[in-house]
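Computed over heavy atoms, backbone and side chain alike; hydrogens, waters and symmetry mates excluded.
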Amino acid sequence: MQLGVLWIGLTALVVRATASCVIVRHSAASQDIKFEAYGTNAIRTRVVPTGSAFVDTPDIVSALVPFEPVTSASSSACPIFVAPPTATESPTTTPADLTVGNLRASVSADGLISFIRVSDKKTLVTESAVRSLVPAGPTVPVAGFLASSLEFAAVDGERFYGLGQHKTGILDYKEYGKEIDLAPHNTEITIPVAHSSLGYALLFNHPGFGSVQFNETVSRWTADACKQIDFWVATTEDGPVHTVSPWAQLQHAYADATGHAPVYPEWTSGFWQCKNRYKNQSQLVDVADGYISRGYPISLIIIDYYSWNPGPLGDETLPSECWPDPKTMVSTLKEKGVEVMISPYFHSVAAASKNYAEAAAKGYLAIDNSTGKAAIVYDNAALYDLFNPEARAYAFAAVEAGYIQKYGLHHWWLDCDEPCGGTNNGTYATDWLYNDGKWPAAFVGAAYPQMLDLAIWEGMGAPGKQYEHDNVMLGRAGWAGSQKYGGAVWSGDTESTWDDFNQQFKAGLNFVMSGIPYWTTDIGGFGNGNTTSPDFRELIVRWFQWGAFCPIFRLHGARQGPTWPVGKRAGILCSASPSNEVWMFGNESEAAIIKVMRIREQLRPYVMEQYRAASVNGTPIMRPLFYDFHTDAGSQGIDDQQMFGPDYLVAPVMVKGATSRSIYLPPLPKGTVWLNYFTGIATATFGGGKNITEATPLDTFPLYKRHTPFTYPK
């Protein structure tokens with residue numbers, strides 16, 4: 001047996017396999033297929049036209065962390081086998097497979113790739129057609145790229161989760177059935193990993209644009225521009241009877257392969273206050289003091305976009321017209337236990353900025369191939385080419401000199417990081433070029449948000465950096481592996497409607513099954529919520545009752561209604577916008593909200609335990625019921641309840657005017673019960689899961705704790 005090692009931080013994961021790698025030269029498909037051990041029960045597969053080179057970083061963007069064999073360089077070379085065998089070769093002496101732990105990858109005589117779980121010889125996934133690699137289409141403005149398609153046979157009853165965040169309104173992507181774009185947009189987040197109910201995970205290691213679709217006939221992945229087909233498959237250590245949840249095993253394997261998230265600092269487990277937007281210093285301080293004086297929890301308050309006005313964007317400064325003394329503001333609030341985050345849009349720079357000329361002269365800007373000029377994004381600013389390491393360093397140096405050194409600001413809200421004005425505003429984005437014009441957007445564009453995360457991590461969060469243990473960023477997008485740089489994500493600009501509330505619940509569960517543990521939503525929805533409306537006041541209470549059991553507990557929105565506070569600086573530039581503070585939603589709603597805020601505050605030590613589990617094991621902090629109750633048939637189809645860590649079952653009220661709701665309580669071992677948090681009523685389920693209905697007045701909702709009563713010894 002040869003050994004391989006997968007480096008995760010400073011630790012090494014030993015991999016046992018029949019070989020480190022195998023290359024199969026398949027003459028019928030005119031392709032070379034490379035299988036590599038990439039985890040304890042995981043294999044990376046790459047496919048290129050026969051004779052072409054397999055590529056890896058830095059020639060591509062890969063979600064996978066580096067892999068190095070334990071064996072010497074001479075023994076780690078991949079043997080090449082021809083399949084089907086030639087006339088002079090025996091099939092028994094020409095293996096076209098690789099076994100790694102409990103996973104075997106093989107190529108059939110007709111060129112189809114299959115993956116089999118060794119312990120029970122179950123075929124997990126197999127191609128339904130030979131994968132396609134053809135020259136990229138005319139929308140890709142750089143020659144030499146390929147378009148690819150990868151199709152697997154559908155299996156009856158199989159379910160798929162993950163893929164980032166998409167507004168499908170359905171938890172299981174196979175039930176949804178429609179094609180999903182692999183391109184980031186506002187509220188659509190591309191993380192190309194799928195976790196299957198059959199006991200495997202598949203990462204489509206393509207950082208560019210494409211599509212994915214699961215339905216009753218096929219599972220299909222496509223890439224618009226690539227150098228190779230590149231995907232990673234993992235299975236469980238055991239099976240089909242699992243001693244540990246197969247979902248947990250797959251999440252751990254995925255974290256090992258793409259990188260583990262850090263443990264966020266303790267303050268992040270508290271309540272985050274935000275709105276669109278606090279326009280001046282006195283407003284921000286008065287709101288923070290408003291929470292403190294009322295005895296309400298608050299850990300963070302956020303300065304939203306346009307704080308750079310009157311500009312220009314890219315100078316990385318807070319103008320004194322509205323922010324007379326940011327340094328004192330930040331330090332004073334910190335003394336009161338309140339951190340400050342800012343949304344500076346520093347992935348872009350306006351032509352009038354002091355930082356623009358040098359960036360343009362040194363080639364640090366992305367190029368719009370249709371004009372030959374800098375790619376233009378939000379607020380008519382040019383986009384930094386963050387695939388260029390020098391451009392990343394330059395952009396962050398401006399941020400460090402401005403916000404960090406001048407004000408002590410070092411928590412980042414990475415709004416518009418898709419980037420907006422790009423992939424979500426018209427087809428011209430396919431003409432954008434990165435990496436000094438070598439990489440078209442179709443090749444790497446889905447990973448742009450991760451490059452922004454990387455810029456921050458390199459600048460302040462990497463081992464030995466000043467904020468290694470306080471490296472907090474909240475983006476509107478991400479990509480596979482963003483978690484290793486500390487990237488958190490919020491769900492984007494939703495609407496203040498019950499439909500969006502329901503959709504967000506399912507989207508959030510899929511997102512956290514995609515390997516990035518830190519996720520949140522705009523409590524109450526982002527747009528068109530009127531703080532004086534009875535409907536909105538009910539909605540925001542119910543959203544709060546769920547939001548307190550999301551990994552990050554954060555209020556945000558662009559509201560309609562009265563303002564608070566007006567602020568001490570007048571004029572349009574620094575004027576006030578409608579309020580979004582919990583005491584502005586009416587007495588009944590305020591009381592219900594404060595009730596659940598205090599629950600979250602009491603649970604913060606428990607939340608930190610979940611942060612640590614997420615970092616060490618890749619465990620989602622919130623997750624669908626089937627994750628924890630994988631052997632319970634009743635839990636498999638539940639899509640309107642969740643677990644928050646292993647102990648709390650949460651069933652939000654997501655129907656307007658509902659005064660009761662039905663819930664399902666999964667089976668627990670004898671002696672352990674489900675304890676209703678509000679009533680103290682215990683329900684035993686050792687004989688099997690139970691469906692119950694309970695009343696849901698505005699200030700309560702179904703919240704249950706896994707509880708083992710203490711019995712005094714006789």
* Asked: Does NZ or CZ of R476 come closer than 6.0 Å to the centre of the six-membered ring of W412, within 45° of the ring's axis?
  -> no
* Show the numbers, then the answer: is there a side-chain contact (heavy atoms from CB on, under 4.5 Å) between N676 and L703? => CA-CA 6 Å; N676 186 296; L703 174 62; over 6 Å; no
* Asked: Side-chain donor-acceptor pair under 3.5 Å between H410 and D470, yes or no?
  -> yes
* Does NZ or CZ of R294 fall inside the cone over W583's six-membered ring, less than 6.0 Å from its centre and within 45° of the axis? -> yes
* Asked: Would you say the side-chain atoms of E694 and Y704 include a donor-acceptor pair closer than 3.5 Å?
  -> yes
* Asked: Just by distance, do the side chain of T672 and the backbone of L668 share a donor-acceptor pair under 3.5 Å?
  -> no
* Asked: Does the ring centre of W457 sit less than 6.0 Å away from the ring centre of Y485?
  -> yes
* To do: Identify, with sequence neighbours excluded, every residue that meets side chain to side chain contact (heavy atoms under 4.5 Å, CB included) alongside A201.
  => H195, W232, L250
* **A480 backbone acceptor or donor facing Q450 side chain under 3.5 Å** => yes
* Would you mind listing every side-chain hydrogen bond (donor to acceptor under 3.5 Å, both in side chains) that reaches into residues 641-655, with sequence neighbours excluded? => W546-Q642
* Salt bridge D699-K595, side-chain N to carboxylate O under 4.0 Å -> yes
* Asked: Applying salt bridge (Lys or Arg N to Asp or Glu O under 4.0 Å), which residue pairs with at least one partner in residues 654-666 are found, sequence neighbours left out?
  -> D535-K656, D640-R661
* Asked: Quick check: does any side chain N or O of H260 sit under 3.5 Å from a backbone N or O of V616, one acting as donor and the other as acceptor?
  -> yes
* When you look at F271 and Y296, which way does the ring pair (Phe, Tyr, Trp, His ring centres under 6.0 Å) test go after all the steps? -> CA-CA 9 Å; F271 174 65; Y296 295 167; 9.6 Å; no
* With no hydrogens and no angle check, do the side chains of R604 and S269 hold a donor and an acceptor under 3.5 Å apart? -> yes
* Structure fact -> Sequence neighbours excluded, the answer for ring-ring contact (aromatic ring centres under 6.0 Å, His included) partners of F501 is W543
* Could you tell me whether a side-chain N or O of Q249 sits under 3.5 Å from a main-chain N or O of V244, the two making a donor and an acceptor? => yes
* Between Q165 and T187, do the side chains contain an N or O donor and an N or O acceptor separated by less than 3.5 Å? -> no
* To do: Write out all pairs satisfying salt bridge (Lys or Arg N to Asp or Glu O under 4.0 Å) with one or both partners inside residues 665-690, taking only residues at least two apart or from two chains.
  => none
* T243 backbone acceptor or donor facing D238 side chain under 3.5 Å -> yes
* Under 3.5 Å donor-acceptor, N41 side chain and A234 backbone -> no
* **Any residue meeting ring-ring contact (aromatic ring centres under 6.0 Å, His included) with Y200, in chain and number order, not counting sequence neighbours** => none
* Apply ring pair (Phe, Tyr, Trp, His ring centres under 6.0 Å) to H556 and W413, showing your working. => CA-CA 12 Å; H556 182 56; W413 186 6; 4.9 Å; yes
* Option from V541, I540, L539 for which side chain to side chain contact (heavy atoms under 4.5 Å, CB included) with I523 holds -> I540
* F214 and Y173 aromatic ring geometry - parallel, tilted or perpendicular at 30°/60° bounds -> tilted
* Asked: So with a 6.0 Å cut-off around CD of E266, is the heavy-atom count from everything else above 12?
  -> yes
* **Centroid-centroid distance, W490 to W272, less than 6.0 Å** => no
* R159 and Y161: side-chain donor and acceptor closer than 3.5 Å? -> yes
* Is any NZ, NE, NH1 or NH2 atom of the basic residue among K174 and E158 found under 4.0 Å from an Asp or Glu carboxylate oxygen of the other? -> no
* Just say parallel, tilted or perpendicular for the rings of F644 and F549, cut-offs at 30° and 60°. => perpendicular
